[in-house]
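For reference, the structure discussed in these notes is given below.
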Amino acid sequence: MNYITAAIAFFYLSKKILQPKTRVVHNLKKLFTAFGLALISWVCTLATVLIVAAFVSVIGRSLSWYTHFYVSVFLYGTAAAAKLILVHTLAKKLLYKNMNEQYPGDIFFDASLMIWTVALAVITHLGLCSAFICAFWVAFPLLTKLMIHKEFSQKGATMKFVMMYMLGMFVPYLYTMYLSWTVFEMFTPIMGRSGSEIPPDAVLAGLIVVTTIILSSYFINFIYLVKSTKTTLITLAAMFVVTLILVCSGIFFPYSSDEANPKPKRVFLQHVSRRFHDLDGNVVKSDSGIWINGFDYNGISHITPHVPEINDTIRTPCEEQAPFCGLPWILPVHFMFRKNWYLPAPEIVPRNPIHFKVLSKELTPRNSLRLSFEVSGPSHMSLYVRPHEGSALSTWSLGDGTPVASVGGDYFVFYSHGLQASPWHFWVELTAPEKHSHGVVSLAIAAHYFFGEDQKSPQLYALLERLPNWTFSSGWSCTYDLFVF
Ligand SMILES: *[C@@H]1O[C@H](CO)[C@@H](O)[C@H](O)[C@H]1NC(C)=O
């Protein structure tokens, strides 16, 4: 069905191009000029809207649409629509000045039809089922066009023509709006936990630009049919400017504790005690504190007014020589959460501490070093491994024996067991260089107390109590030990 639809559309387009047989080259040139203009308008629109998104992110007003979704439509949607219209208005003034307005209107319809038809053929050829969306955007407009062609060529863009055109676009339009709604419903919550590195406004702005381009594809031709776009442009620009000013003023608070429509700020607070051991087993550094991860791009900036000691003076420094910056991650996602905070706090002394034992260190016949360990501790533990320069983790007793590195090259293992489990035994095998005076591998283990009497220290309880009600926090204690072998 997709191929038949595409074939009919190609037939329609080639018939139009071949119409006055003497002017084939001229017709082709016109069609591709319109196509080029469409491309230029997309790029210009994307660039403009991304600049707005970058500005909003830089001044610290990210996620202003997290609770109030319509803000994003009024901010990025109006900017996208205005820019699209502006580019085509300029094109109309500069390139299609002396033409009968029906002609460019027709050409831009054909250009949109061509783009959707090519997309339909390519996506169908790739075997992707979502090609049916393109089929909607080919079949309905083409059918509409064929039905109202007479009206248009005889009387031009009359009211009847416009009404029938709108009616013809209704089904693909409604369906695409429904799909876009689903995409936004899905991505908005995700942007609330997408880490400190990806600006959520840029992602959402990009989605809005794509939606605007799709929804406007068969309405661009109207820009060439109407007398003036001035009123539309001024209205859109005014709406954009007012929304931008309101967003910059911070009137749209991102988070909400409304139970019917909760938009929480997610935070993790881990009360950590860390010990860093050297090659001889001596503790060379130790500290403890409450390690704070804000899950979104805004970090802790909205929490600071409520809890002043959580501010940017306590950003966690990265322990460069330790795997994953020397912090007790429960997932290897440090590359998405580079900004986090470490509030000094007293040491924790769990009732059920971790016991970490080296059972053996042996040189295998293959001339690699095998280290065997025994670990007992709470039900959830994580292991972090970084082979030193020149050495490599060749195999281990975990999984299928082939270690797979995380982003950044360190190795991450999350281990959990039942309450009555026997100690965890595992080994790692490293190929080592001849000279290794600074050790072959750094290996760290963290114990997570997710429940029970060791879960929350008094300091952690007190801090969690003080967080505002629009936060959703998780708090637990952990110990972290780094060893070098
Ligand atoms: C920032 O945090 C530090 C340490 O938590 C605290 O000493 C300082 O007073 C805080 N600054 C402000 C302006 O609240």
Side-chain angles (χ1 to χ4, degrees), residues 1-17 31-32 34-36 38-43 45-46 49-50 65 69 72-73 76-77 80-81 84 108-148 164-195 198 200-221 336 404 407:
M1 278 170 75
N2 285 353
Y3 279 138
I4 292 170
T5 312
I8 295 172
F10 269 125
F11 180 70
Y12 163 85
L13 286 171
S14 20
K15 224 183 131 201
K16 284 209 69 176
I17 289 165
L31 187 64
F32 278 95
F35 172 67
L39 277 188
I40 290 170
S41 71
W42 297 349
V43 173
T45 305
L46 188 65
V49 177
L50 285 182
W65 37 266
F69 183 73
S72 67
V73 177
Y76 301 123
L84 267 182
F108 274 91
F109 178 92
D110 292 346
S112 292
L113 188 68
M114 181 177 80
I115 294 164
W116 281 111
T117 308
V118 171
L120 172 62
V122 169
I123 297 173
T124 306
H125 184 72
L126 293 176
L128 302 176
C129 295
S130 36
F132 81 96
I133 300 164
C134 301
F136 269 41
W137 280 115
V138 172
F140 282 90
L142 186 60
L143 220 75
T144 312
K145 177 81 178 178
L146 293 176
M147 275 162 66
I148 59 176
M164 286 180 69
Y165 193 89
M166 298 265 194
L167 203 68
M169 299 299 159
F170 185 71
V171 173
Y173 208 85
L174 191 69
Y175 189 69
T176 307
M177 292 245 269
Y178 161 72
L179 285 182
S180 317
W181 186 253
T182 316
V183 169
F184 289 122
E185 284 269 297
M186 185 179 124
F187 273 93
T188 309
I190 288 178
M191 290 298 118
R193 56 179 170 82
S194 58
I198 305 163
D201 275 69
V203 176
L204 194 85
L207 285 174
I208 288 182
V209 168
V210 171
T211 311
T212 311
I213 288 171
I214 292 176
L215 290 179
S216 69
S217 55
Y218 286 102
F219 288 92
I220 291 300
N221 42 344
M336 287 174 73
V404 179
V407 178

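What you are looking at is a predicted structure, and each value in this text was computed from that prediction instead of being measured.
Counting heavy atoms from C-beta on, the side chains of T45 and T212 never come closer than 4.5 Å. Contact check for F109 versus F219: no side-chain heavy atoms found under the 4.5 Å cut-off. Within the 4.5 Å cutoff, the side chain of W65 has no heavy atoms near those of the V73 side chain. Between L84 and W42, the closest side-chain pair of non-hydrogen atoms falls below 4.5 Å. Within the 4.5 Å cutoff, the side chain of Y218 has no heavy atoms near those of the T144 side chain. Residues Y76 and L207 fail the side-chain proximity criterion, which asks for heavy atoms closer than 4.5 Å. Contact annotation: the side chain of Y12 never approaches that of T117 to less than 4.5 Å [non-hydrogen atoms, C-beta and beyond].
Summarising the geometry of G168 relative to P172, their closest heavy-atom pair is O-CD, 4.0 Å, with the distance given to 0.1 Å. Nearest heavy-atom pair, V138 versus A9, reported as atom, atom and distance to 0.1 Å: CG1-CB, 3.6 Å. Scanning all heavy atoms of the two residues, the minimum distance from L120 to A135 falls at CD1-N, 3.6 Å. Taking both residues in full, the closest heavy atoms of T124 and A131 are given as OG1-CB, 3.4 Å, listed atom of the first, atom of the second, then distance. Of all heavy-atom pairs spanning T211 and S180, the tightest one is CG2-OG, 3.4 Å. Nearest approach of A111 to L31, heavy atoms of both residues: N-CD1, 3.7 Å.
A distance of 8.0 Å separates CD1 of I214 from SG of C134, quoted to the nearest 0.5 Å. Here CG of L204 is found 12.0 Å from CD1 of I190. Values are rounded to the nearest 0.5 Å. Separating the CG atom in D110 from the CD1 atom in I115 is a distance of 11.0 Å, to the nearest 0.5 Å. We find the CD1-CG distance between I8 and L142 to be 7.5 Å, quoted to the nearest 0.5 Å. Note: N221 CG to K145 NZ = 7.5 Å, rounded to the nearest 0.5 Å. To the nearest 0.5 Å, atoms CE (M169) and CE (M164) are separated by 11.5 Å.
Within 6.0 Å of atom CZ in F69, more than 12 heavy atoms from other residues, nucleotides or ligands are found, so the atom counts as buried in its surroundings.
Panel note: side chain S216, backbone I213; a donor-acceptor pair is recorded below 3.5 Å.
Using a 3.5 Å distance cut-off with no hydrogens or angles, the side chains of W116 and S217 do pair a donor with an acceptor.
Relative ring orientation between Y175 and Y178 is described as tilted, the plane-to-plane angle lying within the 30° to 60° band.
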Task: side chain to side chain contact (heavy atoms under 4.5 Å, CB included) assessment of I208 paired with V49 - done: CA-CA 9 Å; I208 288 182; V49 177; 6.0 Å; no

